[in-house]
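Here the structure comes first, spelled out in structure tokens, and everything after it is commentary.
Below, chains carry the letters A, B, ... as their sequence lines are ordered, and counting in each starts from 1.
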Amino acid sequence: DTGVSQDPRHKITKRGQNVTFRCDPISEHNRLYWYRQTLGQGPEFLTYFQNEAQLEKSRLLSDRFSAERPKGSFSTLEIQRTEQGDSAMYLCASSLARGLINEKLFFGSGTQLSVL
Amino acid sequence: DQQVKQNSPSLSVQEGRISILNCDYTNSMFDYFLWYKKYPAEGPTFLISISSIKDKNEDGRFTVFLNKSAKHLSLHIVPSQPGDSAVYFCAASDSNYQLIWGAGTKLIIKP
């Protein structure tokens with residue numbers, strides 16, 4: 001399978017705990033995105049990487065959130081001191097960017113986070 | 001402030017008929033628009049896109065129309081098939097590599 005994979009699919013945690021999600025993009029893709037989606041809403045942009053460089057972060061990404069993409073391959077998204085408002089589907093997407101041409105994103109199946 | 005709006009949360013269409021999904025936007029700087037389809041428990045999958053220099057793009061049963069003066073785009077699916085039942089998201093980009101998404105429209109195709 002050469003699609004975008006995310007792990008875990010589901011995560012239930014208690015308020016105040018830290019959680020970490022992993023995303024493995026399509027191997028030749030140089031861009032990797034993290035989105036968050038809540039019920040009845042479209043995905044909201046969190047951050048994106050061009051290779052290993054984190055180029056943009058949304059205002060939604062508080063200092064409790066951190067994302068990394070070491071070596072420009074897989075990425076991790078960590079949420080520290082989780083709050084109930086963090087409960088959402090966290091989606092990862094990757095793309096093969098060619099200059100300024102808008103590229104289509106390939107999404108993983110997401111990690112559903114529930115904070116109790 | 002919602003820059004991309006899909007005002008119909010759901011739409012029910014008879015199999016074989018045309019499905020029309022609508023999307024409105026407010027930001028005149030948007031220059032690229034995409035439609036994604038999402039099945040339950042899966043991530044969105046790309047369906048079709050259109051650049052602001054065009055007013056129509058067609059791919060098989062799917063056609064996207066763009067009306068820049070009205071800041072409106074629509075997705076036409078004809079003929080509609082049961083496998084088209086899904087949530088459809090409209091998204092827009094202003095070349096900043098961020099996509100701004102609508103809230104989605106759930107399409108139900110009735111047999």
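Using a 4.5 Å cut-off on side-chain heavy atoms (C-beta onward), Thr45(B) and Phe106(A) make no contact. In this structure, the side chains of Phe45(A) and Trp101(B) stay at 4.5 Å or more apart for every pair of heavy atoms. For the pair Gln41(A)/Phe89(B), no side-chain contact is recorded, criterion being any heavy-atom separation below 4.5 Å from C-beta on. At least one side-chain heavy atom of Pro44(B) sits under 4.5 Å from a side-chain heavy atom of Leu91(A).
Tyr36(B) places a side-chain N or O within 3.5 Å of a backbone atom of Leu105(A) that can act as its donor or acceptor partner.
Screening residues 61-73 of chain A for salt bridge (Lys or Arg N to Asp or Glu O under 4.0 Å), with sequence neighbours left out, gives Arg64(A)-Glu83(A), Arg64(A)-Asp86(A).
Around the CG atom of Leu116(A), the shell of radius 6.0 Å holds more than 12 heavy atoms that belong to other residues, nucleotides or ligands.
Side-chain rings of Phe107(A) and Phe46(B) stay apart, their centers remaining 6.0 Å or farther from each other.
With rounding to the nearest 0.5 angstrom, the NZ atom of Lys104(A) is 9.0 Å from the OH atom of Tyr32(B).
Contacts between residues 47-68 of chain B and chain A, defined by a heavy-atom separation under 4.5 Å, are made by no residue at all.
Contact of Tyr39(B) with chain A is not made at all, since no heavy-atom distance falls under 4.5 Å. No part of Leu55(A) comes within reach of chain B, as not one of its non-hydrogen atoms sits under 4.5 angstrom from that chain. For Lys106(B), no part lies under 4.5 angstrom from a heavy atom of chain A.
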Could you list the donor-acceptor pairs under 3.5 angstrom formed by side chains in residues 108-115 of chain A, with sequence neighbours left out?
unit_1, atom_1, unit_2, atom_2, d
Thr111(A), OG1, Pro8(A), O, 2.5
Gln112(A), NE2, Ala88(A), O, 3.4

Pairs under 3.5 angstrom only: tabulate donor-acceptor contacts from the side chains of residues 72-79 of chain B to other protein residues two or more places apart or in another chain.
unit_1, atom_1, unit_2, atom_2, d
His72(B), ND1, Cys23(B), O, 3.3
His72(B), ND1, Asp24(B), OD1, 2.8
His72(B), NE2, Asn22(B), OD1, 3.2
Ser74(B), OG, His76(B), NE2, 3.4

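Hydrophobic clustering, with ILVMFWY side chains joined whenever heavy atoms are under 4.5 angstrom apart, groups Tyr88(B) together with Leu11(B).
The most heavy-atom pairs under 4.5 Å with chain B, out of Gln37(A), Met89(A), Gln6(A), Glu44(A), come from Gln37(A).
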